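Each chain gets a letter, A, B and so on, in the order its sequence line appears, and its residues count up from 1. Bear in mind the structure is a predicted one, so any value in this text is a computation, not a measurement. Scope of the values below: all heavy atoms of this structure, side chains included, with no hydrogens, waters or symmetry mates.
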Amino acid sequence: MANHHIKNGEMLLYSSVISLTPPYSFERLLRRLETHPDPQLLVNVQESTLRRVFRVGARPILVSLQFAGTMEQPFIRLHTEVTLSASEQQLLEKTIRHVFSADLDLNPIYEHMRQQQPMVILTERFRGLRLMLDSDLFQSMVKTIIGQQINLAFAAALTQRLMELAGDVMVDETGHKFMAFPTEEAVARLEPTDLRPLQFSQRKAEYIIDYARAIVNGTVDLDRLWQMEDDEIIEHLTAQRGIGRWTVECLMMFGMGRPDLLPAADIGLRNGLQMVYELAEKPDEKEIRRIGEDWRPWRSVYSLYIWEAVGAVRRKETWE
DNA sequence: GGCCAGGCTAGCA
DNA sequence: TGCTAGCATGGC
């Protein structure tokens with residue numbers, strides 16, 4: 001549903017409504033950002049609004065979103081201040097539906113989780129939580145590589161510095177600067193020496209630039225991934241230096257939105273699993289995969305909820 | 001100052 | 001196949 005209209009005297013050149021599958025908790029989505037910062041987003045918690053730049057094709061477009069309705073009847077209003085062609089409208093809506101996990105039905109997953117006693121409290125506490133995905137696979141991979149072995153806050157700082165160095169800037173009517181994530185071409189043109197002053201390690205700088213070049217020269221074809229099985233994707237991408245299993249699992253989970261990934265090497269997941277399952281020792285990767293067998297075919301969602309238990313503790317949320 | 005962060009590679013048995 | 005030192009930096 002798209003139309004043109006006047007609001008508060010301003011011309012909103014494109015607007016539409018995105019339907020969502022309940023239950024959907026905007027509050028949880030936004031609260032997660034407190035512990036998982038994303039420098040691309042401008043969030044207003046009081047008004048449940050979010051603004052960021054999406055690339056529609058190659059064109060960066062500033063998009064304003066308002067979360068509306070209720071947990072059981074949720075929807076998103078979106079608008080832009082530029083006109084969009086019909087195909088751009090379709091592409092933008094498809095991207096938004098993907099990014100906000102609009103079509104994921106949590107009900108059967110909760111039913112599944114309730115069979116795992118330690119998960120019951122999480123299905124109640126985090127009801128309606130789902131992932132906000134990355135908007136494309138290039139930036140998803142780059143952000144995941146950046147996030148290897150460093151804390152989330154530092155990773156967000158490095159991501160922001162990369163965007164400031166090589167991304168596109170858009171300024172809104174209030175003067176706020178919005179960063180669009182760099183294209184693969186822009187990153188491919190960089191040298192590791194460009195990233196070292198931003199506090200990237202030498203190796204991480206090489207990994208990211210090599211990856212961008214592999215896409216530009218066709219060694220890696222991201223569009224083909226959507227047709228491939230999880231195991232094939234792991235095999236294909238871990239052939240690249242700097243990309244290990246954890247990184248590809250995160251790409252499939254945060255970038256592709258696949259439902260059954262278990263990044264078992266993840267330190268946050270190890271800590272969370274120990275906490276939620278009340279284990280005497282921190283589980284290793286093998287132990288996590290063993291426990292996770294009971295979570296099929298929804299291991300991504302289990303992982304998210306276990307991570308979020310850690311996030312809630314960090315945010316000092318009270319558990320009533 | 002020591003240890004931990006949403007790991008990966010290279011080298012070695 | 002499986003194990004481990006080394007990597008680099010920030011935050012507590």
Side-chain angles (χ1 to χ4, degrees), chain A residues 31-39 122 126 129-134 139-162 165 192-212 214 220 233-258 260-277 281-292 295 299-316:
Chain A
R31 195 174 293 181
R32 179 171 160 76
L33 294 172
E34 294 172 20
T35 42
H36 298 72
D38 183 338
L122 302 184
F126 300 142
L129 172 70
R130 76 260 331 271
L131 273 182
M132 179 165 25
L133 302 180
D134 294 310
Q139 70 168 283
S140 188
M141 181 68 99
V142 171
K143 283 158 74 175
T144 305
I145 294 172
I146 288 175
Q148 292 168 358
Q149 180 56 24
I150 59 174
N151 64 65
L152 293 169
F154 183 41
L158 292 180
T159 300
Q160 178 160 0
R161 290 172 198 165
L162 176 64
L165 179 72
T193 50
D194 297 319
L195 296 180
R196 295 289 287 136
L198 311 187
Q199 292 180 293
F200 283 70
S201 67
Q202 175 67 25
R203 288 212 287 214
K204 203 169 275 190
E206 291 169 5
Y207 296 163
I208 289 165
I209 293 168
D210 287 350
Y211 170 68
V220 171
I233 296 176
I234 290 176
E235 192 178 346
H236 178 53
L237 292 179
T238 54
Q240 282 292 118
R241 186 167 169 270
I243 297 175
R245 178 168 182 171
W246 174 88
T247 303
V248 184
E249 287 168 335
C250 286
L251 177 79
M252 290 190 282
M253 188 167 162
F254 294 99
M256 306 181 79
R258 292 205 175 179
D260 195 27
L261 275 303
L262 183 64
D266 186 275
I267 188 64
L269 197 56
R270 293 178 64 197
N271 291 334
L273 197 64
Q274 180 180 15
M275 186 174 87
V276 173
Y277 276 61
E281 295 180 355
K282 192 180 292 190
D284 61 14
E285 181 165 349
K286 192 174 167 189
E287 175 70 0
I288 289 190
R289 293 201 191 281
R290 190 188 66 73
I291 295 172
W295 302 350
R299 288 179 291 179
S300 299
V301 184
Y302 276 80
S303 298
L304 171 63
Y305 278 60
I306 286 169
W307 272 322
E308 206 51 14
V310 178
V313 169
R314 283 192 191 153
R315 294 189 298 265
K316 303 189 187 333

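Distance alone, capped at 3.5 Å, is enough to place a donor-acceptor pair between the A:S300 side chain and the A:R258 backbone. Proximity of a side-chain donor or acceptor of A:R31 to a complementary backbone N or O of A:A312 within less than 3.5 Å is not detected. For A:T247 (side chain) and A:I243 (main-chain N/O), no donor-acceptor pair under 3.5 Å exists by modelled atom type. Remark: the backbone N or O of A:L129 is paired with a side-chain donor or acceptor of A:Y305 at under 3.5 angstrom. The main-chain N or O of A:G242 is found under 3.5 Å from a side-chain atom of A:Q148 such that the two form a donor-acceptor pair.
A gap of 15 Å separates the P atoms of B:dG11 and C:dA8, to the nearest Å. B:dA5 and C:dC3 are spaced 22 Å apart, taking the C1' atom of each and rounding to whole Å.
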Between the protein and nucleotides 9-13 of chain B, which nitrogen or oxygen pairs are less than 3.5 angstrom apart?
{"from": "B:dT9", "atom 1": "OP1", "to": "A:G242", "atom 2": "N", "distance (Å)": "2.7"}
{"from": "B:dT9", "atom 1": "OP1", "to": "A:I243", "atom 2": "N", "distance (Å)": "3.4"}
{"from": "B:dA10", "atom 1": "OP1", "to": "A:R241", "atom 2": "NE", "distance (Å)": "3.2"}

Nucleotides 1-5 of chain B: which of its N/O atoms have a protein N/O under 3.5 Å away?
{"from": "B:dA5", "atom 1": "OP1", "to": "A:N271", "atom 2": "ND2", "distance (Å)": "2.7"}
{"from": "B:dA5", "atom 1": "N7", "to": "A:Q149", "atom 2": "NE2", "distance (Å)": "3.2"}

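One atom, CD of A:E206, and another, P of C:dG6, lie 19 Å apart when rounded to the nearest Å. Whole-Å rounding puts the A:K286 NZ to C:dG2 P distance at 8 Å. Counting to the nearest Å, the P atom of C:dG11 and the CG atom of A:L158 are 11 Å from each other. The interatomic distance linking A:K204 (NZ) with C:dG6 (C1') rounds to 14 Å, in whole Å. To the nearest angstrom, C1' of B:dC8 lies 14 Å from CD of A:E249. The separation between A:I208 atom CD1 and B:dG7 atom P is 15 Å, rounded to whole Å. Put simply, CD on A:Q148 is 16 Å from P on C:dT9, counting in whole angstrom units.
Ring geometry for A:W295 versus A:Y277: interplanar angle of 30 to 60°, hence tilted.
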Pair assignment for DNA chain C - dot-bracket with | for other-strand partners, Watson-Crick or G-U under 3.5 Å | |||||||.||||
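When each of A:K286, A:K282, A:E281 is tested with A:D284 by the rule side-chain contact (heavy atoms from CB on, under 4.5 Å), just one qualifies, namely A:K286.
Listed nucleotides B:dC8, C:dT9, C:dA8 differ in distance to A:F154; the shortest reach to its side chain belongs to C:dT9.
For A:Q202, the CD atom sits in a packed shell: over 12 heavy atoms of surrounding residues, nucleotides or ligands are nearer than 6.0 Å.
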